[in-house]
Amino acid sequence: MSDTAGSRRRYAVVGVGHRAAMYVEALASEYADDGEVVAWCDPSPTRMSYYDAVLGRAPARYAPERFDDLLRERRPDAVVVTSPDATHHRYAVAALRAGCDVVVEKPLTTTAEGARAIAEAARDSAGRVVVTFNYRYSPRNGEVRRLIAGGAIGDVTSVHFEWVLDTVHGADYFRRWHRDKADSGGLLVHKASHHFDLVHWWLGDVPRTVFALGGLRFYGAENAAARGLGPRPERSTGAAGAGTDPFALDLRADDVLRRLYLEAEPDDGYLRDRDVFSGGITTEDNLSVVVGYRSGASMSYSLNAHSPWEGYRVAVNGTAGRLELDVVERGHVPPVGAAGLVGRPVVDPSATPERAATADRPITADPRPPGERLLLQPHWSPARLVDVPRGEGAHGGGDARLLADVFRPSGVEDPLGRRAGLRDGLLAAGVGIAANRSLDTGRAVRLADLFQEG
C-alpha cells in the first residue's frame with residue numbers, strides 16, 4: 001500500500017466491533033503521525049462512541065447503507081474493513097471503485113461471487129488490497145518460510161497441518177455471529193483461511209483441488225441433547241448458573257464486551273453471548289480437508305473446535321528431510337473456580353502477549369507447557385532444534401509487525417514476502433470456499449472452476 005508523502009493518510013473504519021481495536025488503537029498512538037480516522041461505518045452508535053473515546057475525538061459517523069456517501073463526502077485514502085465476513089466484498093468493491101486502498105481483515109470474502117466481484121473491481125482501480133494475515137509475521141512461521149525457501153528439506157512433497165481450538169476460544173465462535181455460516185463462511189473460511197494462507201506462503205505454491213469432510217459434532221442443541229444435557233438458557237448474561245458454567249460468557253464481567261456489545265443491543269439487537277448448545281448453529285466444529293497444489297504437493301488439514309488445549313502442529317515433508325513445528329498457545333483450560341484463577345481464561349490465548357518459549361521455562365509437572373518447538377531433520381541425520389527469535393506481543397509477535405506494514409510500509413523491509421495482497425486473499429479464502437462446496441456436494445472441487453463460474 002502506498003504512502004502519502006508529507007501527509008497523514010485518511011482512514012475510514014468499517015465495522016467497529018472487537019477486532020477493530022487493533023487498528024484503531026494503533027492510529028490513536030504509535031501511528032498517529034502516519035494516519036487519522038476520518039469516519040466510522042457501523043450500525044451501532046454505541047460502538048462508535050466507544051471508539052471515539054479510544055481516539056479522543058469523534059470522526060464522522062455513517063450507517064452501513066450510507067457507505068457510498070462516506071466515500072464521496074470523506075474521501076478516505078484507505079478503508080479498513082473489520083465488519084462481519086459476509087459483508088467484506090461489498091465494502092471492498094465500493095472502496096476500490098472509489099480509488100481507495102483497502103485493508104481487509106481476513107477472510108477477504110466468503111463466497112466465490114464475492115471473490116469475483118473484488119477481483120473485477122481491483123482490475124480497474126488505482127487502489128490496492130492488503131489482507132491482514134498476521135500469522136505470517138510471527139517469527140516462528142517466518143522461520144519455516146526461510147528454511148523451506150532455502151532448500152533445507154528439498155522440494156516439498158506433503159504437509160500435515162492440525163489446528164485445535166479449545167473449549168474457551170473454540171466455543172466463542174458458536175455464541176457470536178460466526179455460528180451462522182451465512183455470515184462467516186464457517187470456520188473453513190473465517191478461521192482456516194489463516195492456516196491455508198500460511199501453507200501457500202510457506203511453499204510458494206498455488207492450490208488447485210480441494211476435498212473436505214466435516215460437521216457439527218459437539219456444539220448445538222442436537223449434540224447437547226444426545227449427550228444428555230438439560231435445558232439451557234438462550235444467552236448467558238444474567239442466566240441462573242452462568243457463574244459456574246464453563247461454556248457461559250457473562251458480558252457484564254468484561255468492561256470492553258459490556259460497552260461494545262451489551263450496551264449496544266438496543267442499536268441493532270445483536271447478542272454476543274448466545275448459548276453454544278442452542279439451536280440454529282450452521283457452522284461445523286470438526287473439519288478435515290485435503291488440498292492438492294500445482295507443484296504436486298498435497299496437504300492434509302484438520303480443525304477441531306472443542307479441544308482441551310489450543311495450538312497447532314505442522315509437519316512438512318520434503319525430498320531432503322522434514323520440518324516439524326509444534327505450538328502450544330494454551331496447554332489446558334482450568335475449570336471455573338480453579339485455585340489461582342481470577343475470573344475466566346481469556347478467550348483467545350494467541351491474542352495476548354507471548355509467554356516465554358518452552359526452552360526457556362523450567363521443567364514442571366505440566367507435560368504441555370505453552371511454547372513452541374521447531375525441528376529440522378535432514379535425511380541421514382538426527383533431528384535438531386531450530387532457534388526461533390522470540391515474538392513479542394500478540395499472535396506470536398505478529399500483530400506489531402503487521403501494523404507497521406499496514407500503516408508505515410515504506411519503512412519496513414520484507415525479505416520473506418510477508419505482505420499479503422489480493423491474490424493471497426483470494427487463494428486463502430478460495431480454499432475455504434471450495435471446501436464448503438465439497439462439504440455440500442461430497443466431491444472434490446477445482447478452484448479454477450469455482451472462480452470461473454457465472
Side-chain angles (χ1 to χ4, degrees), residues 1-2 4 9-17 19-20 23 35 37-43 59-133 177-178 180-186 188-190 193 196-197 406 419-434 436-437 447-454:
M1 194 166 62
S2 58
T4 302
R9 286 173 60 80
R10 296 166 56 83
Y11 289 91
V13 180
V14 180
V16 292
R19 191 57 188 151
Y23 305 95
V37 177
V38 297
W40 307 124
C41 182
D42 195 89
R61 296 181 175 190
Y62 292 81
E65 60 270 20
R66 294 193 60 223
F67 183 61
D68 289 339
D69 295 335
L70 182 160
L71 294 172
R72 183 180 63 256
E73 294 170 4
R74 300 301 162 183
R75 302 180 64 83
D77 298 302
V79 175
V80 178
V81 180
T82 54
S83 56
D85 301 346
T87 68
H88 286 186
H89 71 282
R90 174 197 165 196
Y91 298 115
V93 167
L96 287 167
R97 287 177 177 166
C100 301
D101 288 344
V102 180
V103 179
V104 187
E105 181 68 21
K106 61 82 191 163
L108 178 62
T109 183
T110 61
T111 65
E113 295 78 12
R116 290 192 294 269
I118 294 172
E120 181 180 349
R123 277 196 297 269
D124 301 322
S125 177
R128 290 196 285 176
V129 176
V130 172
V131 184
T132 53
F133 289 121
W177 56 262
H178 307 74
D180 187 341
K181 198 170 179 179
D183 291 335
S184 65
L188 282 173
V189 173
H190 174 81
S193 62
F196 299 146
D197 175 71
V406 169
R419 293 173 193 145
L422 174 64
R423 182 173 181 270
D424 304 300
L426 289 172
L427 290 177
V431 172
I433 294 166
N436 279 333
R437 178 72 61 86
L447 264 70
D449 296 339
L450 191 72
F451 288 134
Q452 288 172 8
E453 293 176 358

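Any value given below was found using the heavy atoms of this structure, including those in side chains, with hydrogens, waters and symmetry copies removed. Quick note: residue numbers are just sequence positions, from 1.
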Say you draw a straight line from [atom1] of [X] to [atom2] of [Y]; how long is it, rounded to the nearest 0.5 Å?
X	Y	atom1	atom2	answer
Leu450	Glu113	CG	CD	8.0 Å
Leu426	Ile118	CG	CD1	7.0 Å
Ser83	Asp183	OG	CG	11.0 Å
Asp124	Arg97	CG	CZ	9.0 Å
Thr109	Arg116	OG1	CZ	10.0 Å
Cys41	Glu65	SG	CD	8.0 Å

Output every pair passing ring pair (Phe, Tyr, Trp, His ring centres under 6.0 Å) with a member in residues 66-124, not counting sequence neighbours, ordered by first then second residue.
Phe67-Tyr91
In short, ring pair (Phe, Tyr, Trp, His ring centres under 6.0 Å) pairs touching residues 99-126 with sequence neighbours left out are none
Taking every non-hydrogen atom, the tightest pair across [X] and [Y]:
X	Y	result
Trp177	Ser184	CZ3-CB, 3.7 Å
Asp101	Ala126	OD1-O, 4.4 Å
Ala119	Leu422	CA-CD2, 4.3 Å
Ser193	Phe133	O-CE2, 3.7 Å
Asp42	Gly15	OD1-CA, 3.5 Å
Asp68	Ala94	OD1-CB, 3.9 Å

Residues forming a salt bridge (charged side-chain N to carboxylate O under 4.0 Å, His left out) with [X], sequence neighbours excluded:
X	result
Asp424	Arg136
Asp85	none
Lys106	none
Asp69	Arg66, Arg72

Tell me whether Thr110 contacts the main-chain N or O of Gly185 through its side chain, where contact means a donor paired with an acceptor under 3.5 Å.
no
Taking Thr82 for the side chain and Val14 for the main chain, is one N or O donor matched with an acceptor at less than 3.5 Å?
yes
State, yes or no, whether a side-chain contact exists between [X] and [Y] at a heavy-atom distance under 4.5 Å.
X	Y	result
Ile433	Arg437	no
Val80	Val37	no
Leu188	Phe196	yes
Pro76	Leu70	yes
Arg74	Pro59	no

Does atom CZ of Arg61 have more than 12 heavy-atom neighbours from other groups under 6.0 Å away?
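Correct, the count exceeds 12.
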Option passing side-chain contact (heavy atoms from CB on, under 4.5 Å) with Tyr23 (candidates Thr132, Val16, Val13)
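Exactly one candidate clears the test, Thr132.
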